[in-house]
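Just so it is clear: chains get the letters A, B, ... in the order the sequence lines come, proteins before strands, and each one is counted from 1.
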Protein chains: 2
Amino acid sequence: MVSETPPIRVLLADDQALVRGALATLLGLEPDIEVVAEVGRGDEVVSAAVQSGAHVCVLDIEMPGIDGIEATAAVRARLPGCHVLIVTTFGRPGYLKRALAAGATGFVVKDTPARQLADAVRRVHQGLRVLDPALATSSLIEGESHLTERERDVLRLALTGTTVADISVRLHLSQGTVRNYLSSAIGKTGTHTRYEAARVAQERGWL
Amino acid sequence: MVSETPPIRVLLADDQALVRGALATLLGLEPDIEVVAEVGRGDEVVSAAVQSGAHVCVLDIEMPGIDGIEATAAVRARLPGCHVLIVTTFGRPGYLKRALAAGATGFVVKDTPARQLADAVRRVHQGLRVLDPALATSSLIEGESHLTERERDVLRLALTGTTVADISVRLHLSQGTVRNYLSSAIGKTGTHTRYEAARVAQERGWL
DNA sequence: AACCGGCCGTGACAGATGTCATCCGTGTCA
DNA sequence: TGACACGGATGACATCTGTCACGGCCGGTT
């Protein structure tokens, strides 16, 4: 028979072993796809991609070490010929925006039907965009941060429960100033407390 | 050849289609396991279990409709011969405690290696316990709620951002009383704000 | 040069938050 | 029967939170 196209070499990264193993099994059943590496941490992605000669990296976002978006940027910098498909639980507009900025070719959420994953891998391998139009639209609308740099500074600290007093010390500002930035951020996120504001900003990818 | 044992009929419930499909593929490769139903909502579990004649239900916890623990109780009530294996992202002691109380035979987290899932299904099918000893210990220690009924009442409302004024109206208490219960709950959970207290209590399964 | 808008920064203030001391009713125990 | 512990409930109070009005600086526009 005519020579076959060599299979697409795929690296899988997900911190949940069960999910990773199941996805490896799913993709491994495709005749034209071969899972050549599996890692559970973001900071293992690049070396594993290099060693395994992966054509496509399928990355979750929330992982120990570095996250999947940071791993994406690292992979693209080190292996320009290697494409990245982000597969994540949360279809956050901010995630999509940052992932594309980091060089990801595709972005799917775990709500996607399983049979579409292999097709997404094939398309990404060919350099074609794979992403949900609704999510893209939402990213366009929500993804644009309206926070100033200082507002982001104080929200990041607020995210970890740091008091106004501590934030003012850390950023060399008066407490009134910190409260004013927090208040402004609360308004821009449409929330009622700094905790909600920080969480919403993070979900939108503004932090 | 000698007659084979009929395969174990398994129902899969997970709101993430990709994960569910991948797990179905993984389990479907086992000669003695047959995936007979897949659902994405907790409130579809019972009817699907009945229709498919499932021997084992593999349930995620966080799903639309009712959660996997409520679904467990419903399955056990309706089909006493059907065993439940909980497969969840968060190995929260409170979840384990509530799952066992609801009648689950097994409880694994998604950090488990993929190859152990089929074995877990087989063991659960035989009525054997499947759970992580470390998680069981942690559940024993943390899972016991130290909150009073009223503290739980106010924390549940605090979880959704309800103000003290609203909580006092809803529970027919004075605002001072509500603050006192919130303060007590903050102390018992070792936190600093009612938001943290509510979140920690939920994680521990105290709510 | 003058004006304007936005960001950065500040302090005053009203209202919200969490702590504390206290009281009452109920159940348990000696 | 009396003492005690506990949960439920309350209000006073110190502190914190978020809003608001304001000023300075900078860059862009007229």
Name the nucleic acid region contacted by [X], choosing base, sugar-phosphate or nothing; use a 4.0 angstrom heavy-atom cut-off, strictly under.
X        : result
B:Thr193 : sugar-phosphate
A:Ser183 : base
B:Arg179 : base
A:Thr177 : base

*For the residue pair B:Trp206 and B:His146, categorise the inter-ring angle as parallel (less than 30°), tilted (30 to 60°) or perpendicular (more than 60°).*
perpendicular
Nearest-angstrom distance from the residue atom [atom1] of [X] to [atom2] of [N]:
X        : N      : atom1 : atom2 : result
A:His192 : D:dG18 : NE2   : C1'   : 12 Å
A:His146 : C:dG6  : NE2   : P     : 14 Å
B:Glu151 : C:dG18 : CD    : P     : 14 Å
B:Arg152 : D:dG7  : CZ    : P     : 11 Å
B:Gln175 : C:dA16 : CD    : P     : 8 Å
B:Leu182 : D:dT10 : CG    : P     : 14 Å
A:Glu196 : D:dG18 : CD    : P     : 10 Å
A:Glu149 : C:dG9  : CD    : P     : 11 Å

*To the side chain of B:Arg194, which of C:dG18, C:dC7, C:dT10 is closest?*
C:dG18
*C:dC8, D:dA9, C:dG11: which one has an atom nearest the side-chain heavy atoms of A:Ser174?*
C:dG11
*Would you mind checking if B:Lys110 and B:Asp60 are paired as a salt bridge, meaning a charged N to carboxylate O distance below 4.0 Å?*
yes
_Counting only side-chain nitrogens and oxygens, does A:Tyr181 get under 4.0 Å of the OP1 or OP2 atom of C:dC8?_
no
_Can you say whether a donor on the side chain of A:Asn180 sits under 3.5 Å from an acceptor on the base of C:dC8, or the other way round?_
no
*Could you tell me whether B:Arg129 atom CZ has more than 12 heavy atoms of other residues or ligands within 6.0 Å of it?*
yes
*How far does CD of A:Gln126 sit from NE2 of A:His83, to the nearest 0.5 angstrom?*
9.5 Å
*asked:* Tell me the closest heavy-atom pair linking B:Leu207 and B:Ala198, and the distance in Å.
replied: CD1-O, 3.8 Å
